[in-house]
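The sequence lines fix the lettering, A, B, ..., with proteins before strands; numbering per chain opens at 1. Just so it is clear, the values below take in all heavy atoms, side chains as well, and ignore hydrogens, waters and symmetry mates. All figures in this text were calculated on a predicted structure; none of them were measured in a lab.
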Number of protein chains: 2
Amino acid sequence: MLSKKTQYAFHALIHLAENADKGPILISEIAQEKNISIKFLENILLELKNAGILGSKKGKGGGYYLLKTPKEIPLAKIIRLLDGAIALLPCVSLNYYERCENCRDEAVCGLNDVMSKVRDATLKILENKTLKDILTRNVSIL
Amino acid sequence: MLSKKTQYAFHALIHLAENADKGPILISEIAQEKNISIKFLENILLELKNAGILGSKKGKGGGYYLLKTPKEIPLAKIIRLLDGAIALLPCVSLNYYERCENCRDEAVCGLNDVMSKVRDATLKILENKTLKDILTRNVSIL
DNA sequence: CATAAACTCTATAAAAAGGATAGACTTTTT
DNA sequence: AAAAAGTCTATCCTTTTTATAGAGTTTATG
(Lines give C-alpha, C1' and ligand atoms only; values in the text may rest on other atoms or scores of the structure.)
Protein backbone atom coordinates (compact mmCIF):
# COMPACT_ATOMS: atom_id res chain seq x y z
CA MET A 1 0.00 0.00 0.00
CA LEU A 2 1.23 3.49 -0.82
CA SER A 3 1.78 5.83 2.12
CA LYS A 4 -0.59 8.72 2.73
CA LYS A 5 2.23 11.01 1.70
CA THR A 6 2.41 9.51 -1.77
CA GLN A 7 -1.35 9.33 -2.13
CA TYR A 8 -1.65 13.01 -1.25
CA ALA A 9 1.21 13.87 -3.60
CA PHE A 10 -0.64 12.30 -6.51
CA HIS A 11 -3.84 14.16 -5.77
CA ALA A 12 -1.97 17.43 -5.36
CA LEU A 13 -0.11 16.93 -8.63
CA ILE A 14 -3.37 16.19 -10.40
CA HIS A 15 -4.85 19.41 -9.09
CA LEU A 16 -1.78 21.39 -10.10
CA ALA A 17 -1.83 19.93 -13.59
CA GLU A 18 -5.53 20.47 -14.09
CA ASN A 19 -5.19 24.08 -13.04
CA ALA A 20 -1.84 24.82 -14.65
CA ASP A 21 -3.44 27.55 -16.76
CA LYS A 22 -4.27 29.56 -13.65
CA GLY A 23 -0.74 30.35 -12.53
CA PRO A 24 0.62 29.49 -9.07
CA ILE A 25 -1.84 27.53 -6.92
CA LEU A 26 -2.21 28.04 -3.17
CA ILE A 27 -1.45 25.16 -0.85
CA SER A 28 -4.66 26.01 0.97
CA GLU A 29 -6.65 25.63 -2.25
CA ILE A 30 -5.26 22.15 -2.90
CA ALA A 31 -5.73 21.16 0.72
CA GLN A 32 -9.36 22.21 0.69
CA GLU A 33 -10.16 20.80 -2.74
CA LYS A 34 -8.55 17.43 -1.98
CA ASN A 35 -9.39 17.24 1.70
CA ILE A 36 -5.81 17.09 2.96
CA SER A 37 -4.28 18.59 6.12
CA ILE A 38 -2.75 21.85 4.95
CA LYS A 39 0.42 21.63 7.00
CA PHE A 40 1.07 18.02 6.07
CA LEU A 41 0.57 18.94 2.46
CA GLU A 42 3.10 21.74 2.85
CA ASN A 43 5.84 19.24 3.62
CA ILE A 44 4.90 17.08 0.68
CA LEU A 45 4.91 19.94 -1.82
CA LEU A 46 8.25 21.04 -0.44
CA GLU A 47 9.72 17.61 -1.11
CA LEU A 48 8.37 17.71 -4.64
CA LYS A 49 9.91 21.12 -5.06
CA ASN A 50 13.31 20.00 -3.77
CA ALA A 51 13.16 17.13 -6.22
CA GLY A 52 12.76 19.59 -9.09
CA ILE A 53 9.21 18.60 -9.94
CA LEU A 54 7.47 21.70 -8.61
CA GLY A 55 8.38 25.36 -8.43
CA SER A 56 6.98 27.89 -5.99
CA LYS A 57 6.48 31.62 -5.85
CA LYS A 58 6.39 33.51 -2.59
CA GLY A 59 4.42 36.56 -1.62
CA LYS A 60 1.03 37.73 -2.75
CA GLY A 61 -0.17 35.89 -5.84
CA GLY A 62 2.26 33.09 -5.03
CA GLY A 63 1.79 29.34 -4.79
CA TYR A 64 3.02 26.12 -6.38
CA TYR A 65 3.22 25.11 -10.03
CA LEU A 66 4.58 22.29 -12.16
CA LEU A 67 8.11 22.68 -13.53
CA LYS A 68 7.57 19.92 -16.06
CA THR A 69 4.71 18.91 -18.29
CA PRO A 70 2.57 16.09 -16.88
CA LYS A 71 3.83 13.82 -19.63
CA GLU A 72 7.35 14.15 -18.26
CA ILE A 73 6.41 12.93 -14.78
CA PRO A 74 6.22 9.12 -14.55
CA LEU A 75 4.14 7.80 -11.65
CA ALA A 76 7.02 5.57 -10.56
CA LYS A 77 9.16 8.64 -9.97
CA ILE A 78 6.72 10.11 -7.45
CA ILE A 79 6.39 6.85 -5.55
CA ARG A 80 10.15 6.34 -5.33
CA LEU A 81 10.66 9.89 -4.20
CA LEU A 82 8.18 9.78 -1.32
CA ASP A 83 7.85 6.10 -0.46
CA GLY A 84 11.12 4.59 -1.60
CA ALA A 85 11.04 1.11 -3.07
CA ILE A 86 8.17 0.03 -5.31
CA ALA A 87 9.04 -3.66 -5.05
CA LEU A 88 7.42 -5.78 -2.35
CA LEU A 89 10.74 -6.97 -0.93
CA PRO A 90 14.01 -5.07 -0.35
CA CYS A 91 16.00 -7.88 -1.98
CA VAL A 92 14.07 -7.34 -5.19
CA SER A 93 14.16 -3.57 -5.40
CA LEU A 94 16.04 -1.99 -8.30
CA ASN A 95 16.54 1.40 -6.68
CA TYR A 96 16.54 0.54 -2.98
CA TYR A 97 18.08 -2.90 -2.91
CA GLU A 98 19.01 -4.51 0.40
CA ARG A 99 20.42 -7.97 0.86
CA CYS A 100 17.95 -10.56 2.19
CA GLU A 101 18.70 -11.33 5.81
CA ASN A 102 16.47 -14.36 5.93
CA CYS A 103 17.61 -16.61 3.17
CA ARG A 104 20.83 -18.36 2.30
CA ASP A 105 21.10 -17.48 -1.36
CA GLU A 106 18.93 -14.98 -3.19
CA ALA A 107 19.91 -16.50 -6.52
CA VAL A 108 17.99 -19.67 -5.73
CA CYS A 109 15.24 -18.13 -3.58
CA GLY A 110 11.79 -18.85 -4.97
CA LEU A 111 10.30 -15.90 -3.13
CA ASN A 112 12.84 -13.57 -4.72
CA ASP A 113 11.92 -15.01 -8.07
CA VAL A 114 8.17 -14.48 -7.75
CA MET A 115 8.52 -11.01 -6.27
CA SER A 116 10.79 -10.01 -9.15
CA LYS A 117 7.98 -10.91 -11.49
CA VAL A 118 5.53 -8.80 -9.49
CA ARG A 119 7.98 -5.91 -9.57
CA ASP A 120 8.39 -6.16 -13.33
CA ALA A 121 4.66 -6.27 -13.93
CA THR A 122 4.15 -3.26 -11.67
CA LEU A 123 6.98 -1.21 -13.15
CA LYS A 124 5.81 -1.92 -16.66
CA ILE A 125 2.74 0.11 -15.78
CA LEU A 126 4.09 2.71 -13.36
CA GLU A 127 7.16 3.67 -15.37
CA ASN A 128 5.21 4.15 -18.55
CA LYS A 129 2.18 5.92 -17.15
CA THR A 130 2.69 9.59 -16.34
CA LEU A 131 0.82 12.32 -14.55
CA LYS A 132 -0.82 13.10 -17.88
CA ASP A 133 -2.40 9.65 -17.92
CA ILE A 134 -4.22 10.18 -14.64
CA LEU A 135 -5.75 13.57 -15.37
CA THR A 136 -9.50 13.85 -15.69
CA ARG A 137 -9.63 17.24 -17.30
CA ASN A 138 -7.72 18.03 -20.46
CA VAL A 139 -5.96 21.34 -20.17
CA SER A 140 -5.16 22.86 -23.51
CA ILE A 141 -2.08 24.69 -22.31
CA LEU A 142 -0.23 21.46 -21.46
CA MET B 1 6.62 -2.96 0.42
CA LEU B 2 5.52 -5.96 2.45
CA SER B 3 5.77 -5.65 6.23
CA LYS B 4 8.43 -7.57 8.13
CA LYS B 5 5.65 -9.70 9.51
CA THR B 6 4.64 -10.92 6.09
CA GLN B 7 8.22 -11.35 4.95
CA TYR B 8 8.98 -13.47 8.00
CA ALA B 9 5.80 -15.46 7.49
CA PHE B 10 6.87 -16.43 3.98
CA HIS B 11 10.29 -17.57 5.13
CA ALA B 12 8.80 -19.52 8.01
CA LEU B 13 6.28 -21.21 5.73
CA ILE B 14 9.05 -22.13 3.32
CA HIS B 15 11.00 -23.74 6.13
CA LEU B 16 7.96 -25.61 7.37
CA ALA B 17 7.19 -26.90 3.89
CA GLU B 18 10.74 -27.95 3.16
CA ASN B 19 10.88 -29.88 6.42
CA ALA B 20 7.35 -31.19 6.44
CA ASP B 21 8.66 -34.75 6.48
CA LYS B 22 10.25 -34.21 9.89
CA GLY B 23 7.08 -33.74 11.92
CA PRO B 24 6.40 -30.65 14.06
CA ILE B 25 9.11 -27.98 13.76
CA LEU B 26 10.26 -25.86 16.68
CA ILE B 27 9.76 -22.09 16.56
CA SER B 28 13.35 -21.78 17.74
CA GLU B 29 14.61 -23.83 14.82
CA ILE B 30 12.85 -21.61 12.28
CA ALA B 31 14.00 -18.48 14.08
CA GLN B 32 17.61 -19.59 14.03
CA GLU B 33 17.58 -20.91 10.50
CA LYS B 34 15.92 -17.81 9.07
CA ASN B 35 17.50 -15.25 11.37
CA ILE B 36 14.23 -14.00 12.86
CA SER B 37 13.56 -12.81 16.42
CA ILE B 38 12.03 -15.83 18.13
CA LYS B 39 9.41 -13.92 20.09
CA PHE B 40 8.24 -11.94 17.08
CA LEU B 41 8.04 -15.13 15.08
CA GLU B 42 5.87 -16.66 17.81
CA ASN B 43 3.17 -14.10 17.19
CA ILE B 44 3.30 -14.62 13.46
CA LEU B 45 3.01 -18.39 13.65
CA LEU B 46 0.12 -18.00 16.05
CA GLU B 47 -1.71 -15.81 13.55
CA LEU B 48 -1.10 -18.37 10.83
CA LYS B 49 -2.45 -21.02 13.15
CA ASN B 50 -5.58 -19.03 13.98
CA ALA B 51 -6.13 -18.61 10.26
CA GLY B 52 -6.15 -22.37 9.80
CA ILE B 53 -2.94 -22.54 7.80
CA LEU B 54 -0.76 -24.06 10.49
CA GLY B 55 -1.35 -26.55 13.23
CA SER B 56 0.65 -26.84 16.40
CA LYS B 57 1.47 -29.43 18.96
CA LYS B 58 2.33 -28.48 22.51
CA GLY B 59 4.76 -30.12 24.85
CA LYS B 60 7.84 -32.17 24.18
CA GLY B 61 8.21 -33.15 20.57
CA GLY B 62 5.82 -30.35 19.68
CA GLY B 63 6.10 -27.54 17.19
CA TYR B 64 4.35 -26.14 14.15
CA TYR B 65 3.35 -27.86 10.93
CA LEU B 66 1.38 -27.12 7.77
CA LEU B 67 -2.30 -28.04 7.79
CA LYS B 68 -2.50 -27.80 4.02
CA THR B 69 -0.22 -28.80 1.19
CA PRO B 70 1.94 -25.95 -0.15
CA LYS B 71 -0.02 -26.04 -3.38
CA GLU B 72 -3.14 -25.07 -1.48
CA ILE B 73 -1.63 -21.91 -0.03
CA PRO B 74 -1.68 -18.96 -2.47
CA LEU B 75 0.84 -16.22 -1.73
CA ALA B 76 -1.92 -13.62 -1.89
CA LYS B 77 -3.65 -15.28 1.04
CA ILE B 78 -0.65 -14.85 3.32
CA ILE B 79 -0.21 -11.21 2.40
CA ARG B 80 -3.87 -10.39 2.95
CA LEU B 81 -3.87 -12.17 6.28
CA LEU B 82 -0.87 -10.34 7.74
CA ASP B 83 -0.67 -7.08 5.79
CA GLY B 84 -4.21 -6.51 4.60
CA ALA B 85 -4.70 -4.97 1.18
CA ILE B 86 -2.44 -5.92 -1.70
CA ALA B 87 -3.53 -2.98 -3.84
CA LEU B 88 -1.56 0.27 -3.72
CA LEU B 89 -4.63 2.34 -2.84
CA PRO B 90 -7.55 1.63 -0.49
CA CYS B 91 -10.05 2.73 -3.14
CA VAL B 92 -8.76 0.01 -5.45
CA SER B 93 -8.59 -2.88 -3.01
CA LEU B 94 -10.87 -5.84 -3.62
CA ASN B 95 -10.76 -7.18 -0.07
CA TYR B 96 -10.10 -4.06 1.98
CA TYR B 97 -11.87 -1.37 -0.01
CA GLU B 98 -12.25 2.11 1.42
CA ARG B 99 -13.82 5.06 -0.31
CA CYS B 100 -11.35 7.67 -1.59
CA GLU B 101 -11.40 10.73 0.62
CA ASN B 102 -9.43 12.85 -1.79
CA CYS B 103 -11.30 12.73 -5.04
CA ARG B 104 -14.76 13.66 -6.21
CA ASP B 105 -15.66 10.58 -8.17
CA GLU B 106 -13.71 7.32 -8.21
CA ALA B 107 -15.45 6.26 -11.39
CA VAL B 108 -13.68 8.95 -13.38
CA CYS B 109 -10.44 9.07 -11.37
CA GLY B 110 -7.41 8.39 -13.54
CA LEU B 111 -5.36 7.37 -10.53
CA ASN B 112 -7.95 4.80 -9.57
CA ASP B 113 -7.86 3.50 -13.10
CA VAL B 114 -4.08 3.02 -13.29
CA MET B 115 -3.85 1.53 -9.82
CA SER B 116 -6.57 -0.97 -10.71
CA LYS B 117 -4.36 -2.14 -13.55
CA VAL B 118 -1.40 -2.51 -11.20
CA ARG B 119 -3.57 -4.47 -8.80
CA ASP B 120 -4.76 -6.80 -11.55
CA ALA B 121 -1.23 -7.44 -12.79
CA THR B 122 -0.05 -8.14 -9.25
CA LEU B 123 -2.95 -10.41 -8.34
CA LYS B 124 -2.56 -12.38 -11.54
CA ILE B 125 0.77 -13.51 -10.15
CA LEU B 126 0.15 -13.64 -6.40
CA GLU B 127 -3.18 -15.45 -6.57
CA ASN B 128 -1.87 -18.12 -8.89
CA LYS B 129 1.51 -18.72 -7.30
CA THR B 130 1.44 -20.81 -4.15
CA LEU B 131 3.83 -21.76 -1.39
CA LYS B 132 4.82 -24.71 -3.55
CA ASP B 133 6.12 -22.35 -6.23
CA ILE B 134 8.58 -20.66 -3.92
CA LEU B 135 10.18 -23.78 -2.45
CA THR B 136 13.79 -24.53 -3.22
CA ARG B 137 13.85 -28.10 -2.09
CA ASN B 138 11.41 -30.66 -3.43
CA VAL B 139 10.02 -32.71 -0.62
CA SER B 140 8.67 -36.03 -1.80
CA ILE B 141 6.03 -36.32 0.89
CA LEU B 142 4.18 -33.21 -0.31
C1' DC C 1 3.01 -38.54 38.41
C1' DA C 2 6.80 -35.34 38.31
C1' DT C 3 9.51 -32.96 35.25
C1' DA C 4 11.24 -30.82 31.34
C1' DA C 5 10.10 -29.31 26.81
C1' DA C 6 7.36 -26.71 24.05
C1' DC C 7 3.52 -23.72 22.68
C1' DT C 8 0.09 -19.80 24.42
C1' DC C 9 -1.18 -15.52 26.19
C1' DT C 10 -0.84 -10.81 28.04
C1' DA C 11 1.63 -6.83 28.82
C1' DT C 12 5.03 -3.65 27.74
C1' DA C 13 8.73 -1.08 25.26
C1' DA C 14 11.19 0.87 21.34
C1' DA C 15 11.12 2.68 16.69
C1' DA C 16 8.96 4.41 12.61
C1' DA C 17 5.18 6.64 10.23
C1' DG C 18 1.47 9.83 10.11
C1' DG C 19 -0.24 14.03 11.22
C1' DA C 20 -0.50 18.67 13.71
C1' DT C 21 1.51 23.09 15.35
C1' DA C 22 4.31 27.19 15.92
C1' DG C 23 7.02 30.61 14.47
C1' DA C 24 10.62 32.45 11.33
C1' DC C 25 11.53 33.99 6.83
C1' DT C 26 10.58 36.00 2.03
C1' DT C 27 8.22 38.37 -1.51
C1' DT C 28 4.86 41.55 -3.23
C1' DT C 29 1.69 45.30 -3.08
C1' DT C 30 0.54 49.74 -1.73
C1' DA D 1 8.46 51.35 4.75
C1' DA D 2 5.20 48.30 6.33
C1' DA D 3 1.54 45.08 6.09
C1' DA D 4 -0.26 41.17 3.73
C1' DA D 5 0.19 36.75 1.69
C1' DG D 6 2.95 33.21 1.00
C1' DT D 7 6.77 29.63 1.88
C1' DC D 8 10.30 27.34 4.97
C1' DT D 9 12.05 24.93 9.09
C1' DA D 10 11.79 22.67 13.33
C1' DT D 11 9.44 20.42 16.84
C1' DC D 12 5.90 17.72 19.01
C1' DC D 13 2.08 14.35 19.55
C1' DT D 14 -0.39 10.09 18.22
C1' DT D 15 -0.80 5.72 16.04
C1' DT D 16 1.09 1.67 14.00
C1' DT D 17 4.71 -1.53 13.49
C1' DT D 18 8.30 -4.20 15.30
C1' DA D 19 10.32 -6.43 19.09
C1' DT D 20 10.84 -8.22 23.99
C1' DA D 21 9.65 -10.31 28.60
C1' DG D 22 7.63 -13.36 31.53
C1' DA D 23 3.99 -16.06 33.50
C1' DG D 24 0.84 -19.80 32.21
C1' DT D 25 -0.62 -24.21 29.98
C1' DT D 26 -0.09 -28.57 27.66
C1' DT D 27 2.21 -32.94 26.60
C1' DA D 28 5.65 -36.76 26.32
C1' DT D 29 8.05 -39.70 28.89
C1' DG D 30 10.83 -41.99 32.36
Is any side-chain nitrogen or oxygen of [X] closer than 4.0 Å to OP1 or OP2 of [N]?
| X | N | answer |
| --- | --- | --- |
| A:Ser56 | D:dT7 | no |
| A:Lys57 | D:dA5 | no |
| A:Lys5 | C:dG19 | no |
| B:Tyr8 | D:dA19 | yes |

Whole-Å distance separating the [atom1] atom of [X] from the [atom2] atom of [N]:
| X | N | atom1 | atom2 | answer |
| --- | --- | --- | --- | --- |
| A:Leu46 | D:dA10 | CG | C1' | 12 Å |
| A:Leu41 | D:dG6 | CG | C1' | 14 Å |
| B:Met1 | C:dA17 | CE | C1' | 14 Å |
| B:Lys60 | C:dA5 | NZ | P | 7 Å |
| B:Ile44 | C:dT8 | CD1 | P | 14 Å |
| A:Tyr65 | D:dG6 | OH | C1' | 13 Å |
| A:Asn43 | C:dT21 | CG | P | 13 Å |
| A:Leu54 | D:dT7 | CG | C1' | 13 Å |

Across the strands shown, which category fits [X] at heavy-atom distances under 4.0 angstrom: base, sugar-phosphate, nothing?
| X | answer |
| --- | --- |
| B:Ile25 | sugar-phosphate |
| B:Leu26 | sugar-phosphate |
| B:Leu45 | nothing |
| B:Lys4 | sugar-phosphate |

5′-ward residue of the pair A:Glu42/A:Leu2 relative to DNA chain C: A:Leu2
A:Ser37 vs B:Ser28, nearer the 5' end of DNA chain C by closest nucleotide: B:Ser28
Nearest-neighbour nucleotide for the A:Lys39 side chain, D:dA21, C:dT21, D:dT18 considered: C:dT21
Comparing B:Lys58 and B:Ile38 on DNA chain D - which has the more 5′ nearest nucleotide: B:Ile38
Contact summary for A:Leu13 and A:Leu66, nearest pair of heavy atoms: CD2-CD2, 3.8 Å
Residue pair A:Phe10 / A:Leu75, side-chain heavy-atom distance below 4.5 Å: yes
SB check B:Glu72 B:Lys77 (cutoff 4.0 Å): no
Salt bridge A:Asp120-A:Lys124, side-chain N to carboxylate O under 4.0 Å: no
Cluster check A:Met1, B:Ile125: I/L/V/M/F/W/Y, side chain < 4.5 angstrom: no
